[in-house]
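The figures that follow rest on heavy atoms only: side chains count, while hydrogens, waters and symmetry mates do not. Starting from 1, each residue takes its place in the sequence as its number.
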Amino acid sequence: MSVDIIIILAVLVLTFVALAIDLWSPDAVLLTGLAIVTVSGVLSLEEAFLGFGNTTLLALGSLYVIGAALRESGALDRASNFILGQETRSVQRILLRLCPSVSVYSAFLNNTPIVAMGIPAIRSWAKKYHIPVSKLLMPLSYAAILGGLCTLIGTSTNLITHGLLESHGFRGFSFFELAWVGVPCAIVGLVYLVVVSPRLTPARRDIRYQEERNRELLVELEITNGADVAGKTV
């Protein structure tokens, strides 16, 4: 085993450990790993920065810009109110409206920014109508993943695989080529999310709601000199 392979394996192991224990933010961990293999001579400086000009990554980054624009313009909030509708106590009915819509959005906007944008909108809607948010967030994530299976830009994995195929001389995917497999998988998964997941997910409120409730029970007292309770324990 060569020295380069040993360095790469060591960096991979340390990177996974650092990500698992949240040593730093993910971008800092990954850039540190890249710096180590570059400084050690495993990669040249040109090879290290070659990935930043990859057209696949640039296309993925542009999807985050589009997602941020939708969030800042308020279009996402209006869309969430339209999709989720008015108050209902049936989680299955909420998921029946939420999950298919999220999957459709995810197929054309990439699943990661869809989830990142959807979490605050769903949290505020659930708080407004007193619905346990834990019943909605996990289905949101999986509905986005299922939608990402259906198109080329639906998930980062599809884009990266497409780029690797082209870089090795193979034909990449067309935009809807993955739909032959992705759409049937998405339909089965959505049925499971709507029918089965409400029985499995816990009914927990947002942790910030619980923290606010705990603060309401806190009382602060000041004991002055000469008070009868001075020096005594609770």
Side-chain angles (χ1 to χ4, degrees), residues 1-68 71 102 106-107 109-120 122-123 133-134 136-170 172-173 178 181-182 185 189 197 200-202 204 206-208 210-211:
M1 185 180 294
S2 66
V3 177
D4 287 353
I5 294 177
I6 294 175
I7 293 174
I8 291 174
L9 290 176
V11 170
L12 286 175
V13 171
L14 292 175
T15 299
F16 280 122
V17 171
L19 291 172
I21 65 176
D22 288 329
L23 181 63
W24 300 320
S25 62
D27 53 339
V29 172
L30 296 175
L31 288 175
T32 300
L34 178 62
I36 292 174
V37 295
T38 304
V39 172
S40 61
V42 176
L43 293 178
S44 66
L45 192 60
E46 291 77 11
E47 291 173 329
F49 286 96
L50 185 62
F52 291 99
N54 187 288
T55 55
T56 301
L57 292 180
L58 293 175
L60 180 60
S62 65
L63 295 175
Y64 282 89
V65 176
I66 295 173
R71 183 183 65 248
V102 169
S106 177
L109 286 175
N110 192 273
N111 57 358
T112 305
I114 285 294
V115 173
M117 293 185 300
I119 287 175
I122 290 177
R123 271 181 168 169
V133 71
S134 60
L136 306 179
L137 292 183
M138 189 65 75
L140 165 69
S141 175
Y142 283 108
I145 293 173
L146 292 170
L149 298 175
C150 301
T151 63
L152 174 62
I153 65 171
T155 181
S156 310
T157 309
N158 295 350
L159 278 170
I160 292 173
T161 305
H162 171 76
L164 289 173
L165 284 171
E166 290 189 330
S167 65
H168 286 80
F170 296 97
F173 300 122
L178 298 171
V181 176
C185 291
S197 69
L200 302 178
T201 50
R204 298 196 189 102
D206 195 317
I207 188 173
R208 290 176 295 185
Q210 188 62 41
E211 290 175 351

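Although no hydrogens or angles enter the test, the distance criterion places a donor-acceptor pair under 3.5 Å between the side chain of Glu47 and the main chain of Ser44. Here the side chain of Ser141 pairs no donor or acceptor atom with the backbone of Met138 at under 3.5 angstrom.
In this structure, OG1 in Thr155 is found 11.0 Å from CG in Leu146, a value given to the nearest 0.5 Å. Going from atom CD1 of Ile7 over to atom OG of Ser40 covers 4.0 Å, rounded to the nearest 0.5 Å. With rounding to the nearest 0.5 Å, the separation of CG in Leu14 from CD1 in Ile36 is 7.0 Å. For the atom pair OG1 (Thr161) and CZ (Phe173), the distance works out to 6.0 Å, reported to the nearest 0.5 Å. Between the CG atom of Asn111 and the CD1 atom of Ile114 there is a distance of 8.5 Å, given to the nearest 0.5 Å.
Partners of Phe49 according to the ring-ring contact (aromatic ring centres under 6.0 Å, His included) rule, which considers only residues two or more places apart in sequence or in another chain, are Phe52. Partners of Asp22 according to the side chain to side chain donor-acceptor pair (under 3.5 Å) rule, which considers only residues two or more places apart in sequence or in another chain, do not exist here.
Residues Thr15 and Leu30 have side chains in contact (heavy-atom distance under 4.5 Å, counting atoms from C-beta outward). Within the 4.5 Å cutoff, no side-chain heavy atoms of Leu178 are placed close to those of Cys150. In this structure, Val181 and Leu149 have side chains that are not in contact, with every pair of non-hydrogen atoms separated by 4.5 Å or more. Considering only heavy atoms from C-beta on, Thr151 stays 4.5 Å or farther from Asn158 through its side chain.
Applying the side chain to side chain donor-acceptor pair (under 3.5 Å) test to every pair with at least one member in residues 26-38, sequence neighbours left out, gives these pairs: Ser25-Asp27.
Under the side-chain contact (heavy atoms from CB on, under 4.5 Å) test applied with Asp4, the options Val42, Leu9, Val37 reduce to a single match, Val42.
What you find for Ser106 and Gly148 is that their closest heavy atoms are OG-N, 3.4 Å. Nearest heavy atoms, Ala18 versus Val29: CB-CG1, 3.8 Å.
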